[in-house]
Amino acid sequence: MRHLTVLLLALVAALSLIPGAHAEGDDPARAVAEALVERMIAAERGVKDAVYTLHRREWADGGLIPEERMAIKWRRGGDVYMRWVGERYNGREVLYSPTLTGGKLLVSTAAYVPTLTLDPKGSVAMRGNRHSVLDAGLSFPVRMVREDFELARSRPELTLTAEDLGPRVLFGESARCARVTMPKDQEPGFYAMKSEFCIADRTGLPVFFEITDRMGGQVQVVERFN
């Protein structure tokens with residue numbers, strides 16, 4: 001049934017790009033966004049492990065932190081290894097596993113400094129981070145978008161608006177992008193007021209996320225992942 005749903009949504013998205021192909025009152029941009037989300041969900045479910053470079057900016061400690069670049073090895077089930085490879089915190093290493101590290105976060109900050117063993121959700125581990133290591137990997141951003149769409153579908157009286165941002169090339173990957181705006185002022189259960197995402201044509205996996213929300217009394221970007 002899910003495969004049939006994905007196929008139908010993809011067909012709707014393709015038809016929406018043809019002038020006159022959709023009936024009056026339909027929302028072709030939302031159809032594109034829905035199709036991208038369904039493809040991303042299916043693709044992420046098929047991934048057992050992944051190795052990739054993450055470019056990250058998050059709102060933490062009262063502001064949007066400078067970009068951090070990390071080489072990541074992730075395995076479904078929660079195992080994650082990160083090594084900072086950009087200018088910020090270059091050489092820092094983090095290892096977490098629900099089983100191998102006993103649910104503790106192991107952090108190596110520099111040579112000749114003892115490895116730290118931390119509570120992954122404690123104040124030291126969370127310093128400078130919007131999310132804990134428990135949200136590391138591919139599953140969290142996909143779940144974040146999926147749950148917002150599911151909430152919108154369950155509340156038809158709430159208006160979700162979508163924009164089809166068209167194709168982009170990111171890190172050598174051709175991708176299709178969309179932006180959705182959620183009525184979070186009416187329903188605080190939404191993760192974000194606005195989510196922009198790009199899904200790789202080749203893999204169906206996300207290559208870009210930008211999250212906009214209200215922070216410090218203003219609406220601003222609070223997360224950006226490449």
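- Glu58 places a side-chain N or O within 3.5 Å of a backbone atom of Arg130 that can act as its donor or acceptor partner.
- Listed by first then second residue, pairs satisfying side chain to side chain donor-acceptor pair (under 3.5 Å) with a partner in residues 191-200 read His131-Tyr191, Arg168-Glu196, Arg179-Glu196, Tyr191-Glu223, not counting sequence neighbours.
- Residues forming a side chain to side chain contact (heavy atoms under 4.5 Å, CB included) with Thr161 (at least two apart in sequence, or on another chain): Thr159, Thr181.
- Closest heavy-atom contact between Ala29 and Ala162: CB-O, 3.4 Å.
- Every pair tested for ring pair (Phe, Tyr, Trp, His ring centres under 6.0 Å) that includes a residue from residues 198-226 fails, sequence neighbours excluded, so the list is empty.
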Mind running side chain to side chain contact (heavy atoms under 4.5 Å, CB included) on Phe140 and Leu134 for me, showing each step along the way?
-> CA-CA 9 Å; Phe140 170 72; Leu134 303 180; over 6 Å; no
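- Side-chain atoms of Asp148 do not come within 3.5 Å of backbone N or O of Arg146 as any donor-acceptor pair.
- Contacts classified as ring pair (Phe, Tyr, Trp, His ring centres under 6.0 Å) and involving residues 48-82 (residues at least two apart or in different chains) are given here: His55-Phe171.
- Cluster membership for Leu160 and Met193, using ILVMFWY side-chain heavy atoms within less than 4.5 angstrom, is not shared.
- Note on Leu158 and Met182: same hydrophobic cluster, where clusters join Ile, Leu, Val, Met, Phe, Trp and Tyr whose side-chain heavy atoms are under 4.5 Å apart, directly or indirectly.
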Side chain to side chain contact (heavy atoms under 4.5 Å, CB included) between Arg127 and Val124, worked out = CA-CA 5 Å; Arg127 188 177 302 145; Val124 176; 4.1 Å; yes
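- Of the possible donor and acceptor atoms, one in the side chain of Arg57 sits under 3.5 Å from a partner among the backbone N and O of Ile65.
- Side-chain atoms of Phe197 and Val180, non-hydrogen and from C-beta on, do get closer than 4.5 Å to each other.
- Surrounding NZ of Lys73 are at most 12 heavy atoms belonging to other residues, nucleotides or ligands under 6.0 Å away.
- Across all their heavy atoms, Met215 and Gln220 have their closest contact at O-NE2, 2.6 Å.
- Here the side chains of Ser174 and Arg202 are not in contact, with every heavy-atom distance at 4.5 Å or above.
- The shortest heavy-atom contact between Asp164 and Cys177 is OD1-O, 3.6 Å.
- Checking side-chain atoms of Arg92 against main-chain N and O of Met82 turns up no donor-acceptor pair under 3.5 Å.
- Contact record, Leu64 with Val221: CD1-O, 3.8 Å, taken as the closest heavy-atom pair.
- Only one option out of Leu95, Asp79, Thr117 pairs with Thr101 in a side chain to side chain contact (heavy atoms under 4.5 Å, CB included); it is Leu95.
- Counted within 6.0 Å of CD on Glu157, heavy atoms from surrounding residues, nucleotides or ligands total more than 12; the atom is thus considered enclosed.
- Listed here is the closest heavy atom pair of Ile199 and Met40: CD1-SD, 3.4 Å.
- You'll find the side chain of Met144 stays beyond 4.5 Å of the side chain of Asp135, heavy atoms only.
- Between the side chain of Asp61 and the backbone N or O of Gly128 there is at least one donor-acceptor pair closer than 3.5 Å.
- Nearest heavy-atom pair, Val207 versus Ala175, reported as atom, atom and distance to 0.1 Å: CG2-CB, 4.0 Å.
- Qualifying side chain to side chain contact (heavy atoms under 4.5 Å, CB included) partners for Leu100, counting only residues two or more places apart in sequence or in other chains: Arg75, Ser97.
- Taking hydrophobic clusters as Ile, Leu, Val, Met, Phe, Trp and Tyr residues chained together by side-chain heavy-atom distances below 4.5 Å, Val37 shares a cluster with Val142.
- With sequence neighbours left out, Arg143 forms a side chain to side chain donor-acceptor pair (under 3.5 Å) with no residue at all.
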